[in-house]
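Protein chains get the first letters and strands the later ones, always in sequence-line order, with residue 1 at the start of each. Everything quoted here is computed from the prediction, not taken from an experiment. We use all heavy atoms of the structure for the numbers below, so side chains are in, but hydrogens, waters and symmetry mates are not.
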Amino acid sequence: MLKTHTCGELRPEHAAQHVKLAGWVNRVRAQGGVVFIDLRDRWGITQATVDVQSAPEAHAAAEQIGREYVVQIEGIVRPRPEGMVNPNLPTGGIEVEVQRVRVLNAAKTPPFEVSAESKVDEALRLKYRYLDLRRQRMQRNLILRGMVTKAIRDYLYERGFIEIETPILFKTTPEGARDYLVPSRVHPGKFYALPQSPQQLKQLLMVAGYERYFQIARCFRDEDQRGDRQPEFTQLDMEMSFVEREDVLTLIEGLMIKLVEVAAPLTGCQLVTPTFPRLTLQEAMLKYGCDKPDLRYGLEIVDITDLAAQTGFKVFVENAAAGNPIRAIRIPGCGNYSRKQLDDLTELAKGAGGKGLAYIALESGESGQVKSPIGKFFTVEQMTALIERMEAQQGDLILISSDTHPVVCAVLDAVRREFGARLGLADPKKIAFCWIIDFPLFDWNADEQRWDPSHHLFTSPMTEDIPFLDSDPSKARGQQYDLACNGYEVAGGSIRIHDRALQEKVFGLIGLDVEDAKARFGHMLEAFEYGTPPHGGIAPGIDRLVMLLAGEPNIREVIAFPKSQQAADLMAGAPSEADAHQLTELHIRLAEEISHDGNNGSA
RNA sequence: GGGCUCGUGGUGUAGUGGUUAACACGCCGGCCUGUCAAGCCGGAGAUCGCGGGUUCGAGACCCGUCGGGCCCGCCA
């Protein structure tokens with residue numbers, strides 16, 4: 001080994017030991033006759049001190065060293081002199097008195113500072129990702145990620161789970177997200193698909209009798225990116241036999257609590273909800289306007305349809321008469337907002353699909369007045385009743401949305417998120433989980449005149465709702481559950497169908513005729529005839545979970561080599577053109593307009 | 001497919017349509033034996049992403065384009 005210790009481990013008790021350290025030069029401070037080198041590796045930073053008197057050769061070498069050089073130093077550990085201890089470094093009690101310096105590899109000046117946590121353009125970080133990954137933030141995040149996956153494995157192995165790998169080259173399923181396709185050389189004109197998730201395979205593993213399966217599985221979906229969505233991402237995919245919903249929820253709650261405990265020493269994150277609240281989808285929509293509510297703060301939605309319908313405000317009266325809701329949120333302490341600020345909120349509402357956003361501002365102070373463009377349509381009693389319903393006080397702002405149910409939800413969800421952030425209520429250190437349950441099994445697809453599965457097509461209906469499949473599928477609830485955290489969906493799962501007849505009925509409702517169903521899922525239907533245990537599972541998204549545990553704003557910060565919003569790898573330059581002979585071998589010809597004019601020529 | 005936004009020395013920023021594009025960090029050179037965001041002195045470094053246009057004059061305004069980000073659609 002080129003090193004006897006890491007750069008994070010030497011302490012005063014190592015004094016007088018002869019050591020070798022190797023790593024990257026974090027900073028050099030040349031002080032004339034003495035040069036200080038901060039030597040960095042994954043474990044920490046140790047100060048190496050090179051004195052011109054005691055080690056003239058090493059001193060001369062040290063003066064030539066630049067940051068990010070890879071060097072080995074050899075010397076004696078000694079406690080730092082009185083008053084020279086650096087309390088900011090775990091190794092700050094000692095330094096290595098250098099006898100020899102060896103440059104293992106010189107380094108060009110990096111395009112951004114590795115040793116400082118300064119802001120850097122993200123495109124540049126991605127282009128030089130290997131340098132970005134040297135920085136403290138990314139090292140912490142990837143170390144955390146490794147700890148999380150290890151904790152997951154420990155937790156599940158302790159409970160009798162077995163880790164099984166499933167194929168990356170699998171079969172395309174036109175349902176759901178767009179597939180990434182891989183052309184087959186051996187089968188001209190045919191394609192594999194990369195899995196959107198190992199859904200079918202894990203169910204088949206249940207048929208095969210493994211009972212408790214998990215996999216840290218890479219999944220691929222060719223859809224447009226968001227801060228919480230990458231074209232390839234990682235799920236903890238798991239499935240269990242002979243379980244009911246409660247078993248899955250309990251297991252996952254225990255796992256999530258453990259993960260927060262594992263992350264806490266590194267990131268300072270804190271669980272706010274030791275028991276995870278359970279909300280039906282409908283409750284979540286009514287209270288938070290959202291199927292993945294952020295429970296780190298209140299700002300709950302209040303229905304005021306009955307009150308608003310009594311007023312003289314035409315929009316409210318007409319909307320209520322049409323069966324649409326009128327709902328409001330009380331924002332504490334924003335009653336003195338300016339006209340401009342209030343107008344901006346209207347824009348926010350429009351951005352969410354609303355036509356506008358009514359407000360009632362309760363100015364603060366002794367002479368505080370009620371300020372509202374719609375105030376004149378309210379009697380004093382009506383206004384008083386509304387303020388009481390909202391539990392509003394002087395200085396508060398009431399924001400009101402009236403539209404169809406989905407629009408009201410979207411608008412007030414946007415309002416909630418905005419003020420959660422603006423009022424500092426969305427503390428990134430806090431972790432607030434909740435379960436969303438009782439999803440409808442289907443959503444009506446008006447364009448295609450058929451039912452779409454709201455989760456996926458293997459989700460089992462609630463037993464008591466099975467008759468609805470014949471009478472009114474909209475009323476059938478699925479045995480589905482989502483785990484939400486801080487406004488993100490972090491897991492989704494269900495108890496599955498394990499009966500061929502029921503599965504075929506569901507295929508029929510979603511417009512798959514018998515031939516289609518056989519062509520795409522014949523292997524599943526057939527398997528169900530060979531003794532299939534009742535089973536269910538869930539798939540937490542590891543990128544999102546680690547992002548939340550790390551308090552990061554997007555999942556790129558917890559992925560070593562993420563893709564840009566255009567699904568490109570800015571470091572390697574993927575995707576790239578393929579050689580003509582590769583294409584020929586794969587039986588692929590490019591369409592005229594794109595052949596051999598691929599990349600742009602600009603800087 | 002659509003909306004918004006950003007692009008200025010190596011990095012991060014500033015820059016009412018009007019001199020020689022400013023500042024900090026970094027980099028290079030010098031001084032310095034106790035620094036640790038070292039300090040002090042000096043220096044180099046930008047045709048303002050790219051291409052058009054408006055204008056007497058464009059880093060700034062307009063159009064296009066490339067790249068990054070946020071969002072809608074999409075994401076069983």
Is it the case that [N] (base atoms only) and [X] (side chain only) share a donor and an acceptor within less than 3.5 Å, ignoring hydrogens and angles?
X	N	result
Arg221(A)	rC75(B)	no
Glu82(A)	rG34(B)	no
Arg226(A)	rG73(B)	yes
Asp224(A)	rG73(B)	yes

Inset, instruction - Please determine, for rC25(B), whether a Watson-Crick or G-U wobble partner exists with both distances under 3.5 Å, and give it or none. - result: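 Across any shown strand, rC25(B) pairs with rG10(B).
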
Inset, instruction - Output the single nucleotide from rC36(B), rC72(B), rG26(B) whose closest atom is nearest the side chain of Asp38(A). - result: rC36(B)

Inset, instruction - Go through rG12(B), rG68(B), rU35(B) for me and flag the one nearest to the Leu570(A) side chain. - result: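 It is rG68(B).
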
Identify all side-chain donor-acceptor contacts of residues 403-412 of chain A below 3.5 Å with residues at least two apart in sequence or on another chain.
unit_1, atom_1, unit_2, atom_2, d
Asp403(A), OD2, Lys355(A), NZ, 3.0
His405(A), ND1, Arg327(A), NH1, 3.3
His405(A), ND1, Arg327(A), NH2, 3.1

Answer yes or no: does a side-chain N or O of [X] lie under 4.0 Å from OP1 or OP2 of [N]?
X	N	answer
Arg27(A)	rA38(B)	yes
Arg556(A)	rC70(B)	yes
Ser118(A)	rU11(B)	no

Legend entry - Is_stacked (Phe112(A), rU11(B)) at 5.5 Å, 30 deg: no

Under 3.5 Å, sequence neighbours excluded: what are the donor-acceptor pairs made by side chains of residues 56-66 of chain A?
unit_1, atom_1, unit_2, atom_2, d
His59(A), NE2, Gly32(A), O, 3.0
His59(A), NE2, Gly33(A), O, 3.4

Legend entry - Listed once per pair and sorted, the salt bridge (Lys or Arg N to Asp or Glu O under 4.0 Å) pairs that draw on residues 74-95 of chain A, sequence neighbours left out: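 Found Glu74(A)-Arg100(A), Arg78(A)-Glu95(A), Arg78(A)-Glu97(A).
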
Inset, instruction - Using a heavy-atom cut-off of under 4.0 Å over every strand shown, decide if Ser197(A) touches base, sugar-phosphate, or nothing. - result: base

Inset, instruction - Within residues 60-80 of chain A, find the residues that approach RNA chain B with a heavy atom at under 4.0 Å, and present them sorted by residue number. - result: Arg67(A), Arg78(A), Arg80(A)

Legend entry - Contact list for RNA chain B against residues 478-515 of chain A - heavy-atom distance below 4.0 Å: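 Here the set is empty: none.
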
N/O-N/O pairs, protein side and nucleotides 22-25 of chain B side, under 3.5 Å:
unit_1, atom_1, unit_2, atom_2, d
rC25(B), O2', Glu113(A), OE2, 2.9

Inset, instruction - Whole angstrom is fine here: how far is it from NZ in Lys119(A) over to P in rU11(B)? - result: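 Going from Lys119(A) (NZ) to rU11(B) (P), I get 15 Å.
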
Inset, instruction - Starting from C1' on rG67(B), measure out to NZ on Lys563(A) and report it in whole angstrom. - result: 18 Å

